[in-house]
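Here is the naming used below: chain letters follow the sequence lines, and residue numbers restart at 1 for every chain. These numbers come from a predicted model, not from an experiment.
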Protein chains: 2
Amino acid sequence: MVDVFRALDDETRRLILDGLAERDGQTLFEICTMLTTRHGVGSSRQAISQHLAVLEDAGLVASERRGRTKVHHFNREPLAAIARRWPLTEEKPP
Amino acid sequence: MVDVFRALDDETRRLILDGLAERDGQTLFEICTMLTTRHGVGSSRQAISQHLAVLEDAGLVASERRGRTKVHHFNREPLAAIARRWPLTEEKPP
DNA sequence: TTGACAGGCAAGTGTTCACTTGCCTATAGT
DNA sequence: ACTATAGGCAAGTGAACACTTGCCTGTCAA
């Protein structure tokens, strides 16, 4: 189990989440091309695959196989857990 | 400038934020004793000092000198920036 | 002033992490 | 069947990080 904070401690992984937040359900190659064309990330395909594995292990990304591709979905629940740990406004549940 | 996510990628630093969230304005030694007694953290004083420097450099902690002590305050603004980057609910500003 | 207290600075060490390289598996199209 | 496509596995490398050790600076009380 990878920690959510460690998964977020990488700009490439954060850019991946940005891309999935803009358009959910992208494959590995779509994410690779998006990172290189729009954000200038020059990492290899294997590097992005490892990043996706970290994000998936942290629960931030869920994936499903579609034939020979693998689509990735952004799961915001771990971010909600962070917001719950340090609430921005002091409100108590009734 | 230290990244906020890198500052959060450490359990000891997160426990420091927990302690400051519970009682704000603690000194280095108060934080040290709190970590050892309540969370079983066996790190040295210098280690905690370096952790506080990272948190302060990331903007998560602000400090002020009080005589020979130094009180630390929890600043939640960087956490709000994270919540703004990946909103949990799709709401648009009016 | 002297000693104790609170904290800071800097070098050294072991570990972890991101990335690459090379090879392998499985699915789709012709 | 054969080839190209989409992805996975594993070892190796260089850099960043957490922590320690040792010494130094400034502040309060006696």
Side-chain angles (χ1 to χ4, degrees), chain A residues 1-20 23-37 39-73, chain B residues 1-20 23-37 39-73:
Chain A
M1 252 309 181
V2 173
D3 198 4
V4 183
F5 298 96
R6 176 147 62 203
L8 290 174
D9 179 18
D10 190 279
E11 182 61 25
T12 304
R13 286 197 283 265
R14 288 182 295 240
L15 290 174
I16 291 175
L17 291 184
D18 287 338
L20 289 180
R23 184 165 73 88
D24 202 58
Q26 298 192 49
T27 67
L28 172 61
F29 270 74
E30 288 176 318
I31 294 172
C32 283
T33 56
M34 181 208 95
L35 288 176
T36 53
T37 58
H39 301 99
V41 177
S43 301
S44 65
R45 176 185 58 87
Q46 286 82 353
I48 308 299
S49 178
Q50 288 172 358
H51 281 309
L52 282 170
V54 172
L55 288 170
E56 196 165 352
D57 204 22
L60 283 163
V61 163
S63 66
E64 49 175 343
R65 306 226 66 181
R66 283 262 190 260
R68 62 176 161 178
T69 68
K70 189 179 178 185
V71 289
H72 301 82
H73 301 277
Chain B
M1 252 310 179
V2 172
D3 197 5
V4 183
F5 298 96
R6 177 149 63 207
L8 290 174
D9 180 18
D10 190 279
E11 182 60 25
T12 303
R13 287 197 283 265
R14 289 182 293 238
L15 290 174
I16 290 175
L17 291 185
D18 287 339
L20 289 179
R23 185 166 71 89
D24 202 58
Q26 298 191 49
T27 67
L28 172 62
F29 271 74
E30 288 176 318
I31 295 173
C32 282
T33 56
M34 181 209 98
L35 288 176
T36 53
T37 58
H39 301 99
V41 176
S43 302
S44 65
R45 176 184 57 88
Q46 286 82 353
I48 308 299
S49 178
Q50 289 171 358
H51 281 309
L52 282 170
V54 172
L55 288 170
E56 196 164 353
D57 203 22
L60 283 163
V61 162
S63 67
E64 50 175 342
R65 307 226 67 183
R66 284 260 191 261
R68 64 177 159 177
T69 68
K70 189 178 178 187
V71 289
H72 301 82
H73 301 278

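In the set D/dC19, D/dG22, C/dG7, the nucleotide with an atom closest to the side chain of B/Arg45 is C/dG7. Nearest nucleotide to the A/Gln46 side chain, out of C/dG22, D/dA18, D/dT20: C/dG22.
When the P atom of D/dG7 is taken as reference, atom CD of A/Gln26 falls 11 Å away, rounded to whole Å. Between A/Arg14 atom CZ and C/dA18 atom C1' the separation is 14 Å, expressed in whole Å. Regarding A/Glu11, its CD atom lies at a distance of 17 Å from the C1' atom of C/dC19, rounded to whole Å. In this entry the distance linking CG of A/Asp3 with P of D/dA18 reads 13 Å, nearest Å. In this structure, B/Leu8 places its CG atom 14 Å from P of D/dC17, rounding to the nearest Å.
DNA chain D lies under 4.0 Å from at least one heavy atom of each of the following residues of residues 50-57 of chain B: B/Gln50, B/His51. The stretch residues 58-69 of chain B comes close to DNA chain D through B/Gly67, B/Arg68, each having a heavy atom under 4.0 Å from the strand. Within residues 27-36 of chain B, the residues that have a heavy atom under 4.0 Å from DNA chain C are, in order of number, B/Thr27, B/Leu28, B/Phe29.
Phosphate proximity of D/dG7 to A/Ser49: absent, as no side-chain N or O sits under 4.0 Å from OP1 or OP2. Close to D/dG8, at under 4.0 Å from its OP1 or OP2, lies a side-chain N or O of A/Lys70.
Sorted by first and then second residue, the pairs that involve residues 39-54 of chain A and meet side chain to side chain donor-acceptor pair (under 3.5 Å), not counting sequence neighbours, are A/Arg13-A/His51. Residue pairs meeting the salt bridge (charged side-chain N to carboxylate O under 4.0 Å, His left out) criterion with at least one member in residues 63-73 of chain A, sequence neighbours excluded, are A/Glu56-A/Lys70, A/Glu64-A/Arg66.
Counting non-hydrogen atoms under 4.0 angstrom, A/Arg6 reaches the backbone sugars and phosphates but no base.
Note: A/Leu17 CG to A/Leu60 CG = 5.5 Å, rounded to the nearest 0.5 Å.
From one end of the helix from C/dT1-D/dA30 to C/dT30-D/dA1 to the other, with five pairs defining each end axis, the axis direction shifts by 30° (rounded to 10°).
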